[in-house]
Number of protein chains: 2
Amino acid sequence: MDERQALAAFGALSQETRLRVLRMLVVAGTDGLAAGVIAEKADVSASNVSFHLKELERAGLASARRDARSIIYSAEYDALSGLIRFLMEDCCSGRPEICSPVVDAASCCVPTRDIVQ
Amino acid sequence: MDERQALAAFGALSQETRLRVLRMLVVAGTDGLAAGVIAEKADVSASNVSFHLKELERAGLASARRDARSIIYSAEYDALSGLIRFLMEDCCSGRPEICSPVVDAASCCVPTRDIVQ
DNA sequence: TCCATATTTCGATAATCCTTGAAGTGTTGA
DNA sequence: TCAACACTTCAAGGATTATCGAAATATGGA
């Protein structure tokens, strides 16, 4: 992830509806969610959710595929973890001790003793 | 870090000058940098850098203190790591396997075997 | 084929954000 | 106290972003 992509991603996440939608998509997993379902869950109009989904897509944080009449959106996990790594590079550069709380938080996901190398 | 703070932080980081300035501050460490130095490094006008520094401050990502004629800005590491944790919660919620690349990246900072508890 | 469904695109408007230069505030040293 | 310095604030303008409703596109079923 370069600066350009990071800027786009931060921009995408800086809007309330979009942040909520992305979180929905993350929870929904690889199955994704139809645009209509997202609109309903987020309580916004069809055209508005479409606008925001496009923004998330443009930023690389979501992707779309058609399924019959619906268009299914899903989170781009690689982009999300790339963004986290981008932030961590900032955070850690020159100051390794800063990141330990983050690493602690990460340990909720993957037991630290299982990380090899 | 709640949604409100995260939105503000993402907004702050979604602008090129601000992202660069924050990275400078992170590298500069707790000593921080004077506004004038930042302006020069970032190649923007005094009033413009002041505007962006205020935004970073408002988002909780930087703080200011006066030192003689200068105003010294420094990165708020807690906010930064809070933001990373916020993103990780999103990323991991329901999908623990996603975070492993992030944890790998984190291991560059703190040797995983040193994390106790 | 025709209609209903699901979503996107468009055009207009409102809102927010960024930039600039000029004026203002606080600090130091002569 | 006055001038220079370091920075901030202000007001105005331009640029980008968000929202809305209406019209357009694509799909599936009767």
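In this text, all values refer to a predicted model and were calculated from it rather than measured experimentally. Letters A, B, ... mirror the listed sequences (proteins, then strands); counts begin at 1.
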Novice: Expressed in angstrom and rounded to an integer, what is the separation of A:L53 atom CG from C:dT9 atom C1'?
Specialist: 14 Å
Novice: Using whole Å, what does the distance between atom P of nucleotide D:dT16 and atom NZ of A:K54 come to?
Specialist: 21 Å
Novice: For the backbone of A:D78 and the side chain of A:E76, can you confirm whether one donor and one acceptor N or O come within less than 3.5 Å of each other?
Specialist: no
Novice: B:R69 has a side chain; which of D:dG28, C:dC18, D:dC5 sits nearest to it?
Specialist: D:dC5
Novice: Out of C:dT8, D:dA18, D:dT8, which has the shortest distance to the side chain of A:S50?
Specialist: C:dT8
Novice: Which comes earlier along DNA chain D counting from the 5' end, the contact point of A:G11 or that of A:R66, where each point is its nearest nucleotide?
Specialist: A:G11
Novice: In whole angstrom, give the distance that lies between atom CG of B:L13 and atom P of C:dC18.
Specialist: 12 Å
Novice: Take atom CD of A:E40 and atom C1' of C:dT5, then tell me their distance rounded to the nearest Å.
Specialist: 14 Å
Novice: Any idea which of C:dA22, C:dT9, D:dA18 is nearest the B:S47 side chain?
Specialist: C:dA22
Novice: Heavy atoms under 4.0 Å, any strand shown: does A:A68 hit a base, just sugar-phosphate, or nothing?
Specialist: sugar-phosphate
Novice: Separation of A:I71 atom CD1 from D:dT25 atom P, in whole Å?
Specialist: 15 Å
Novice: Rounding to a whole Å, what distance do you find between A:L7:CG and C:dC17:P?
Specialist: 16 Å
Novice: Rounded to whole angstrom units, what separation is found between the CG atom of B:N48 and the P atom of D:dT8?
Specialist: 12 Å
Novice: At less than 4.0 Å, is any side-chain N or O atom of B:Q15 found next to OP1 or OP2 of C:dT16? Yes or no.
Specialist: no
Novice: In whole angstroms, how far is the C1' atom of C:dT16 from the CZ atom of B:F51?
Specialist: 10 Å
Novice: Do the side chain of A:Y77 and the main chain of A:V26 share a donor and acceptor less than 3.5 angstrom apart?
Specialist: yes
Novice: I want to confirm an ordering. Mapping B:A46 and A:R58 to their closest nucleotides on DNA chain D, which one lands closer to the 5' end?
Specialist: B:A46
Novice: Counting only N and O atoms by type, is there a donor-acceptor contact under 3.5 Å from the side chain of A:Q5 to the main-chain atoms of A:D2?
Specialist: yes
Novice: If only side-chain N and O atoms of B:H52 are considered, is one of them under 4.0 Å from the OP1 or OP2 phosphate oxygen of C:dC17?
Specialist: no
Novice: Please check the phosphate of D:dA6 (OP1 and OP2 only) for any side-chain N or O of B:Y73 closer than 4.0 Å.
Specialist: no
Novice: Count the heavy atoms belonging to other residues, nucleotides or ligands that lie under 6.0 Å from CZ of A:R65, then report whether that count exceeds 12.
Specialist: yes
Novice: Describe the nucleic acid contact of B:A34 in one word from base, sugar-phosphate, nothing, applying a heavy-atom distance below 4.0 Å.
Specialist: sugar-phosphate
Novice: Quick one: do B:E16 and B:R20 make a salt bridge, cutoff under 4.0 Å?
Specialist: yes
